[in-house]
Amino acid sequence: MKLTVKGKITAKTILLYVTYTALSVVSGGVFEGNVAFGLFVGAVYSANPIIAAVVYLASAVIYGWTSLMHAAVKCAFILLFVGIHYFAKRKINKLTLLVYLVIANVFYVVYSFIDYFNLFDRFLYAGLGIAFAYVCIYVFRAVFVRGLNYRPALDETICIGLLTAVAGYCISRITFGQLQLVYFIAPFAILFCVVCFGDKTALMGAVLIGIGNVFATGSYECCVYCVISALASVTLCKVNRYVGALSVLVVDVLMSYFLNLHGAFNMAVFAPTFASALVFVVIPTKVYHHVRDYCSGSAERYLSKSVVQKVGDTVSRRLYRLSDIFMSMKQAFFTMSQGAVTPEDAEKGIVKQCSENVCRDCQSRVKCWRQDIAQTEESLLQLGECAVKRGKCTILDVPQALSVKCDRVSAVISEVNAQAQNYRAYRERAETADNGKTLLGEQMGGVSNLLMQLATDVKNRTGYDHAREKELVESLVFHNVLCSGAVIAQQKEIVTVVLTVAKSDIDNETIEKVVSGVVKQNMVVERIETTESATWVNVFLNVRPRYNVTFGVSSVAKHGNEISGDTHTVTRTDNGKCIVALCDGMGSGDKAEQMSATSISLVESFYRAGFDNDTILSCVNKLLVGSGNEVFCAVDVVVLDLYNGLADFIKLGACAGLVKNDGKVEIVSGSSLPLGVLEEMKPSITKKALMGGDVVVLYSDGVADCFKDPVALARVFADVSLNVPQSIADVILTRALKLCNNKPNDDMTVVVAKIA
């Protein structure tokens, strides 16, 4: 439990202060002020302690100097303890609160000791006040802090009943001549409960007020009147509330006439009941409807959930349309990427350019391009083919038929080389443009697939379990976690729970335990988000994954270098997957480290966004190929589904991985080129089912080069009896360093992941 020192003034807080003030005034003289003390403690936990103290002391003034003195001492002690815990930012648990309440009552018990009978009375009154303090804490927190959107828990219901009976006791002791306050409060309370809370609440409230009156007066007439009035109002309020109001007055008149309810039969004794019914009638109907809707809140809450379903359908349709747009964009980019002019076409173009630029004013043009045109074209095509393939041609490449009859061989060679150079530059530009279009097209396709998945997820109907939501709120309150609302949503097999709890009452272990018990699944707190109110936060829980991953990394740079070109990442995605990746930038030093870090960052970002394996690796590969740096990266990725243990081992030029299960080591190899080597590549993917206790080892080629083959490294791994991933990584790297005389010829990294 935590105290509230500051808070926004709302309708609930105003109602709290009004109720607390009224009860304090009528109870200040009951049990020598100990009932009012209990109310004060309850208000301290739900309102501003200073305001609660002022109201408590002001109500004590009415009952004399002694009452004020006792109230002041108790108030001072409670405020002192409140201040200590506030500045220390520590909660006051129930046991500590009990100690503080006992200390606060010491002065009251021992002051003006008369005899042991009087001392016993004070012990009794103090004990009742302390017990009543706990009752008020539960009631005020349930009614005025959390609100009545949900049915109170069992302990809260009992406390509300006790408070109602005590209130009935207090108001039954207040009379003004022949007028009794209870006959003004009870009829209005009964009618109010019938209209706003239902028949059962009205009947129970009437019984409890009547029981309080029995303890206060020792007579049963008022209790009988309350019960009969409740039965009459429950029956006749179904006609309309005006007939119900008239019924409580008729019951009062009839019981006074036949049973001498008030001890007299005159207009004065009916005044409290008449005034009570009149106040009930004068209050507008919309006020009662507002209170009823606020307290039940079910229709609005369920309506909002149906609206969520409709909004989900609308969003799903829009996502499908967006997916189609991105797919069309992908096709458009692929269509625009039609490829450069082929070498054959380029060679024909070179022949044409030679004919126009070199042979245009030659005296032998007619002979070469009319009589011997086939031979001339064939010779120039051969020369053009050499230039296109090698980048240029020389005198040695000139065919004999051309060299014998042509006087401008040098000019021909120069023109062919110039045209071949132009073609090469054009081809590079065209390939760069096509690569960019292809990369954009693949990314558009990946986005289209993602939008399609999102549309499907949004379209799937979400079920809500209203009965369990109420049960969950009650269970949390029972475990002292103040909860104002809960949503249990299930989409296919995925269960999500969202709770709105008091920020001061967050206890992840308790919340997880209670929620797991209610939904019958092992739930875990995923995140906590703030709300518009500083008092409440939203707690999101999902099904706890079946597996967890712990990892260790051991790394050393190449001998003579300070920076390693190997990078790694171990990260969890929102869809319950764990990505373990090792990237080895070919070479060493800053450049290798930069390319390796860039590659691993891209891979991680794509996976977190939800792209599939082929799209991710293809896009990253094209980015590296298009960079022009000629730096390649070996990528080793393990994608583990934490819910079912299925794993994808994805290798692009990476070393064989190792998996240990029950002491047996299995080698997982791959046969693909590193990223950035070829524009078109296909990764090597091996699927395996892992389970708890399995250990996965990834390592760079600097480690592999120290061993004869993967089998030798597997033997070392099999001999390691340690269970901590970091210790395993350290042992493997130490053995590798020993084999290379502690002078590594390349960057060395070992990543060990254990499935728990």
Side-chain angles (χ1 to χ4, degrees), residues 1-4 12 15-16 19-20 23 27 34-35 37-47 91-102 127-169 193 197-198 200-205 207-209 211-212 295-297 466-486 499-507 509-519 535-536 539:
M1 295 187 286
K2 193 173 182 180
L3 300 155
T4 304
K12 283 196 295 186
L15 182 60
L16 167 61
T19 304
Y20 166 58
L23 290 175
S27 65
N34 282 282
V35 172
F37 172 69
L39 290 167
F40 164 66
V41 175
V44 165
Y45 270 83
S46 305
K91 292 183 179 182
I92 302 178
N93 58 42
K94 295 178 181 179
L95 181 60
T96 305
L97 176 63
L98 176 61
V99 175
Y100 292 160
L101 294 179
V102 171
L128 291 174
I130 292 172
F132 189 63
Y134 284 94
V135 171
C136 294
I137 290 173
Y138 278 95
V139 174
F140 287 171
R141 281 162 60 93
V143 177
F144 300 110
V145 177
R146 189 192 69 195
L148 295 177
N149 286 347
Y150 289 85
R151 180 168 57 89
L154 178 60
D155 54 346
E156 292 176 337
T157 302
I158 294 173
C159 291
I160 292 174
L162 290 174
L163 180 61
T164 303
V166 171
Y169 178 89
C193 288
F197 301 111
K200 293 181 180 179
T201 304
L203 290 171
M204 184 59 65
V207 171
L208 292 171
I209 293 174
I211 291 175
C295 293
S296 61
H466 308 305
R468 285 192 177 182
E469 289 171 358
K470 290 186 176 183
E471 179 186 355
L472 179 55
V473 173
E474 295 173 6
S475 299
L476 287 170
V477 172
F478 178 79
H479 287 83
N480 202 34
V481 176
L482 192 60
C483 179
S484 66
L499 307 173
T500 301
V501 302
K503 187 176 182 180
S504 58
D505 287 341
I506 292 179
D507 184 346
E509 291 185 3
T510 301
I511 291 175
E512 291 174 356
K513 181 179 179 181
V514 172
V515 175
S516 299
V518 172
V519 302
T535 306
W536 302 95
V539 180

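Proximity of V135 to I160: side-chain heavy atoms (C-beta onward) are nowhere separated by under 4.5 Å. L16 is listed as a side-chain neighbour of S46, based on a closest heavy-atom distance under 4.5 Å. When side chains are defined from C-beta on, L472 counts as touching L499, because their heavy atoms get closer than 4.5 Å.
Scanning all heavy atoms of the two residues, the minimum distance from F132 to G38 falls at CD2-CA, 4.0 Å. Across all non-hydrogen atoms, the minimal contact from C136 to L163 is SG-CD1, 4.4 Å. Looking at every heavy atom in both residues, R141 comes nearest to L482 through NH2-CB, 3.7 Å. Taking both residues in full, the closest heavy atoms of S475 and V518 are given as OG-CG2, 4.1 Å, listed atom of the first, atom of the second, then distance. Scanning all heavy atoms of the two residues, the minimum distance from L39 to S27 falls at CD1-OG, 3.4 Å. Pairing each heavy atom of T164 with each of G205, the nearest pair is CG2-O, 4.2 Å.
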Let's go through L97 and Y45 carefully: what are the C-alpha distance in whole Å and the side-chain angles of both, what is the deciding distance for side chain to side chain contact (heavy atoms under 4.5 Å, CB included) to 0.1 Å, and is it a yes or a no? CA-CA 11 Å; L97 176 63; Y45 270 83; 3.7 Å; yes
What's the verdict on side chain to side chain contact (heavy atoms under 4.5 Å, CB included) for L15 and Y20, showing C-alpha distance, side-chain angles and the deciding distance? CA-CA 8 Å; L15 182 60; Y20 166 58; over 6 Å; no
Working note: T96 + N93, criterion side chain to side chain contact (heavy atoms under 4.5 Å, CB included); need CA distance, chi angles, decisive distance, verdict. CA-CA 5 Å; T96 305; N93 58 42; 2.6 Å; yes
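Atom-to-atom distance recorded for F144:CZ and T19:OG1 is 4.0 Å, nearest 0.5 angstrom. E156 contributes atom CD, which lies 12.5 Å from atom CD1 of I137 (distance to the nearest 0.5 angstrom).
The only option from L98, D155, L162, V139 that meets the side chain to side chain contact (heavy atoms under 4.5 Å, CB included) definition with Y134 turns out to be L98. Remark: of the listed residues I209, I211, L203, I211 is the sole one forming a side chain to side chain contact (heavy atoms under 4.5 Å, CB included) with V207.
Between the side chain of S516 and the main chain of E512, a donor-acceptor pair closer than 3.5 Å is present. The backbone N or O of F37 lies less than 3.5 Å from no partner atom in the side chain of N34, so there is not a single donor-acceptor pair.
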